[in-house]
Amino acid sequence: MSSRPRALQGDEAQLFQRHNQDLLRTVARAVYGSHALAEDACSFAWIQLMRCQPERGPTLFPWLRTVAIREGYRLSRAEKRDSHMEDLGSPEQACDMLDHVRDMEDTLEALRALETLAELPDPRRRYLSLLIGGYSYDEIAQLAGERTTNHVNKHLVRARRDLRRLNAT
């Protein structure tokens, strides 16, 4: 079920000139990230305008803002997740980082959390690990080969319930 792009209305360039600077400022204020991230989110919103051709009028700028901010959040999560992965470096570097941990309580608490996580059944453990890693429900479903996020949500709800039960004991 693919939707074909609607015909351009011819006012897209004027809309861009009128709204782009305000849209960029709004997204930069609302979304944590670089200026380039805000520009990418705004570009996505303009592409969606070209593709979807929403109604013109007083609701156009709020529509653009919503599309751009949501895309900005998605890009910010992905950027954050990728930067965390880069920070780990090689396995040897990750092990060296453990040597620098000074607070024994934090280390013991982290080990207890990992042990508790290890007690969860595989799908719940895997989905929860991806969620903690910054993946969205949609991304987790895609990585797991699921058709909908309902399956992912079901396992995450059960994982949280199991964690509460395990931490209570």
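The structure presented is a predicted model; accordingly, all values stated were derived computationally and were not measured.
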Same cluster (ILVMFWY, side-chain, under 4.5 Å), I47 and M50:
no
Answer yes or no: is there a donor N or O on one side and an acceptor on the other, between the side chain of [X] and the main chain of [Y], under 3.5 Å?
{"X": "S76", "Y": "G33", "value": "no"}
{"X": "T26", "Y": "D22", "value": "yes"}
{"X": "Q17", "Y": "Q14", "value": "no"}
{"X": "Q53", "Y": "L49", "value": "yes"}
{"X": "T149", "Y": "V152", "value": "no"}

Would you mind reporting whether [Y] and [X] have side-chain heavy atoms less than 4.5 Å apart?
{"X": "N150", "Y": "K154", "result": "no"}
{"X": "L24", "Y": "H35", "result": "yes"}
{"X": "S34", "Y": "E79", "result": "yes"}
{"X": "L23", "Y": "R65", "result": "yes"}
{"X": "E55", "Y": "W63", "result": "no"}
{"X": "L130", "Y": "E139", "result": "no"}
{"X": "R124", "Y": "L156", "result": "no"}
{"X": "T59", "Y": "P54", "result": "no"}

Heavy atoms only: give me the nearest [X]-[Y] pair and the separation to one decimal.
{"X": "R125", "Y": "L120", "answer": "NH1-O, 2.8 Å"}
{"X": "E119", "Y": "L166", "answer": "OE1-CD2, 3.3 Å"}
{"X": "L131", "Y": "I140", "answer": "N-CD1, 3.7 Å"}
{"X": "S136", "Y": "R77", "answer": "CB-NH2, 3.8 Å"}
{"X": "A41", "Y": "E71", "answer": "CA-CG, 3.9 Å"}
{"X": "F61", "Y": "H19", "answer": "CD1-ND1, 3.5 Å"}

Could you measure the distance from the [atom1] atom of [X] to the [atom2] atom of [Y]? Nearest 0.5 Å is fine.
{"X": "F44", "Y": "D40", "atom1": "CZ", "atom2": "CG", "answer": "11.5 Å"}
{"X": "Y135", "Y": "Q142", "atom1": "OH", "atom2": "CD", "answer": "11.0 Å"}
{"X": "T148", "Y": "N153", "atom1": "OG1", "atom2": "CG", "answer": "9.5 Å"}
{"X": "L75", "Y": "R70", "atom1": "CG", "atom2": "CZ", "answer": "14.5 Å"}
{"X": "R18", "Y": "L60", "atom1": "CZ", "atom2": "CG", "answer": "8.0 Å"}
{"X": "W46", "Y": "E12", "atom1": "CH2", "atom2": "CD", "answer": "9.5 Å"}

Could you check whether E146 and Y127, counting side-chain N and O atoms only, form a donor-acceptor pair closer than 3.5 Å?
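Yes, because at least one side-chain N or O of Y127 sits under 3.5 Å from a partner of the opposite role on E146.
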Item to complete: Tell me, yes or no, whether the heavy-atom count around R160 atom CZ, taken from other residues, nucleotides or ligands under 6.0 Å, exceeds 12.
Response: yes
